[in-house]
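Presented below is the structure to which this report refers.
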Amino acid sequence: MTARPAAGSAAPTRRTRRPRSKKAAKEQALAVDELLARQWPDARCELDFTTPLELLVATVLSAQTTDKRVNQVTPTLFRRYPDAAAYAGAPREELEEVLRPLGFYRAKAASLQGLGAALVADHAGEVPDTLEELVKLPGVGRKTANVVLGNAFGIPGITVDTHVGRLARRLGWSREKDAVKVEKDIAALLPPQEWTMACHRLIFHGRRVCHSRKPACGACVLAEVCPSFGEGETDREKAAALVTV
DNA sequence: ATCCCGAGGG
DNA sequence: CCCTCTGGAT
């Protein structure tokens with residue numbers, strides 16, 4: 001435990017707000033979640049799928065690729081490879097041809113083959129519904145596993161991708177850069193039933209407003225509750241944001 | 001040039 | 001921790 005300055009004393013000048021109580025932190029997180037829910041009522045998983053296997057495959061393919069482009073290849077993919085065994089037995093070149101527009105197509109083709117083989121070998125061809133089992137599958141990391149849990153099985157999962165990690169830090173929810181630690185920090189702030197949708201909202205917001213390089217703070221509904229408001233903008237933009245608010 | 005809801009390997 | 005895998009949009 002490190003000593004903290006007494007409340008109300010001449011506060012040390014720091015960029016971030018002084019440490020809040022656990023209760024206040026949770027209230028801020030809930031407020032953020034509600035504001036984002038209002039702003040992005042259509043936030044959801046944007047990958048097209050009808051089964052856990054389809055979502056698992058689509059999520060593996062979504063690495064460094066837009067969901068829109070994944071959705072362009074998955075109809076062909078799902079028709080051609082209807083089950084885990086089909087991916088395991090697919091000719092490598094045939095798989096690569098379908099995946100080529102996505103980027104990383106050789107690695108992704110290998111992932112899908114290995115994934116199909118592992119599902120057949122260890123799970124009777126079915127997609128497991130626990131984090132531990134999912135992350136053991138080749139090509140499936142913690143982020144992919146949580147997407148499948150939350151969106152195919154309805155099991156609360158926190159998806160820490162580039163957006164969720166960045167927004168969690170800007171919102172003061174975490175100071176960590178390690179995704180697993182960020183996940184724990186978010187888990188302590190929001191109730192499990194909010195986890196999956198909260199992540200979708202954070203991702204929507206990250207893509208449309210809270211950009212990595214040039215966040216549009218002037219257009220952000222979280223301006224009043226965000227400890228990072230105004231950071232990362234040019235002076236001109238900061239001034240514009242202030243007069244707009 | 002930089003960015004996309006990453007994962008695995010060195 | 002870094003690097004690589006990859007291509008299309010902006």
Side-chain angles (χ1 to χ4, degrees), chain A residues 33 36 40 42-49 52 54-74 76-77 87 92-93 95-119 127 131-153 156-171 173-174 176-183 186 194-216 232-234:
Chain A
D33 189 35
L36 291 183
W40 311 115
D42 298 325
R44 59 179 175 85
C45 181
E46 295 189 288
L47 294 167
D48 294 337
F49 70 98
E54 288 186 356
L55 178 59
L56 178 56
V57 168
T59 309
V60 166
L61 298 182
S62 73
Q64 296 299 109
T65 310
T66 59
D67 290 356
K68 187 178 290 183
R69 199 169 308 114
V70 172
N71 291 337
Q72 286 170 0
V73 309
T74 46
T76 302
L77 199 66
Y87 289 106
R92 181 68 55 98
E93 287 189 11
L95 209 41
E96 289 181 354
E97 191 187 328
V98 182
L99 303 182
R100 184 152 302 137
L102 302 180
F104 300 149
Y105 65 92
R106 278 187 286 264
K108 287 174 180 175
S111 282
L112 292 193
Q113 284 186 320
L115 185 57
L119 288 174
V127 178
L131 189 64
E132 310 80 69
E133 292 176 299
L134 283 165
V135 296
K136 281 182 192 162
L137 298 168
V140 179
R142 198 177 176 92
K143 180 254 166 184
T144 298
N146 273 319
V147 167
V148 172
L149 284 180
N151 299 284
F153 292 116
I158 295 175
T159 310
V160 181
D161 59 25
T162 175
H163 297 297
V164 173
R166 181 179 71 252
L167 268 68
R169 285 183 287 276
R170 285 181 177 166
L171 288 165
W173 292 4
S174 179
E176 306 287 349
K177 55 184 174 183
D178 177 72
V180 177
K181 293 178 181 172
V182 175
E183 192 182 316
I186 296 175
E194 290 299 313
W195 291 354
T196 299
M197 289 312 295
C199 287
H200 285 315
R201 291 166 195 143
L202 288 169
I203 290 162
F204 264 59
H205 198 63
R207 294 213 299 225
R208 292 161 177 73
V209 177
C210 193
H211 308 121
S212 173
R213 291 294 167 85
K214 236 181 64 177
E233 296 188 304
T234 65

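A, B, ... follow the sequence lines: proteins, then strands. Residue 1 opens every chain.
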Here the salt bridge (Lys or Arg N to Asp or Glu O under 4.0 Å) pairs for residues 56-66 of chain A, sequence neighbours left out, are none
Hey, does the side chain of A:R69 come within less than 4.0 Å of B:dC4's phosphate (OP1/OP2), counting only N and O? no
Give, for atom CG of A:D33 and atom CD of A:E194, the distance between the pair rounded to the nearest 0.5 Å. 4.5 Å
Between C1' on B:dC5 and CG on A:N71, what's the gap in Å once rounded to a whole number? 12 Å
Tested for side chain to side chain contact (heavy atoms under 4.5 Å, CB included) against A:H200, the lone hit among A:V164, A:N151, A:L36, A:D42 is A:N151
Expressed as a whole number of Å, how far does the P atom of C:dT6 sit from that of B:dG10? 15 Å
Nucleotide range of DNA chain C lying under 4.0 Å from chain A heavy atoms: C:dC1 to C:dA9
Whole angstrom is fine here: how far is it from CG in A:D67 over to C1' in B:dC4? 9 Å
Starting the side chain at C-beta, find the nucleotide from B:dC5, B:dC3, B:dC4 nearest to A:R213. B:dC3
Would you mind reading off the distance between A:L102 atom CG and B:dG6 atom P, rounded to a whole angstrom? 13 Å
d(NZ, A:K108; P, B:dC4) in whole Å: 14 Å
Determine yes or no for a side-chain-to-main-chain donor-acceptor pair under 3.5 angstrom, with A:R169 supplying the side chain and A:E176 the backbone. yes
What's the CD-C1' distance between A:Q72 and B:dC4, to the nearest Å? 14 Å
For A:H211 and B:dC5, give me the distance from atom NE2 to atom P, rounded to whole Å. 11 Å
Please classify the nucleic acid contact of A:R208 as base, sugar-phosphate, or nothing, using heavy-atom distances under 4.0 Å. nothing
Listed by chain and number, what are the side chain to side chain donor-acceptor pair (under 3.5 Å) partners of A:T65, not counting sequence neighbours? A:K108
Under a 4.5 Å cut-off applied to non-hydrogen side-chain atoms, are A:C199 and A:I158 in contact? yes
Distance in angstrom units between A:D178 CG and B:dG6 P, rounded: 16 Å
If you measure from the P atom in B:dC5 to the same atom in C:dT10, how many Å do you get, rounded? 13 Å
Pick base, sugar-phosphate or nothing for A:T144, based on heavy-atom distances below 4.0 Å to the nucleic acid. sugar-phosphate
Show which side-chain atoms of residues 136-144 of chain A pair as donor or acceptor with protein atoms under 3.5 Å away, not counting sequence neighbours.
residue: A:R142; atom: NE; partner: A:E183; partner atom: OE1; Å: 2.6
residue: A:R142; atom: NE; partner: A:E183; partner atom: OE2; Å: 3.4
residue: A:R142; atom: NH2; partner: A:E183; partner atom: OE2; Å: 3.0

Atom pairs, protein N/O to nucleotides 8-10 of chain B N/O, distance under 3.5 Å:
residue: B:dG8; atom: OP1; partner: A:G139; partner atom: N; Å: 2.7

Can you tell me, in whole Å, how much space there is between the P of C:dC3 and that of B:dT2? 15 Å
Using a heavy-atom cut-off of 4.0 Å across all strands, would you classify A:R106 as base, sugar-phosphate, or nothing? sugar-phosphate
Quickly, which of A:L167, A:V182, A:L202 forms a side chain to side chain contact (heavy atoms under 4.5 Å, CB included) with A:W173? Name it, please. A:L202
For A:K177, report the nucleic acid contact type (base, sugar-phosphate, nothing); a contact means any heavy atom under 4.0 Å. sugar-phosphate
Between OH of A:Y87 and CG of A:L119, what distance do you get to the nearest 0.5 Å? 10.5 Å
Could you tell me which residues satisfy side chain to side chain donor-acceptor pair (under 3.5 Å) with A:E96, sequence neighbours excluded, listed by chain and number? none
Tell me the interatomic distance from A:N146, atom CG, to B:dC5, atom C1', rounded to whole angstroms. 12 Å
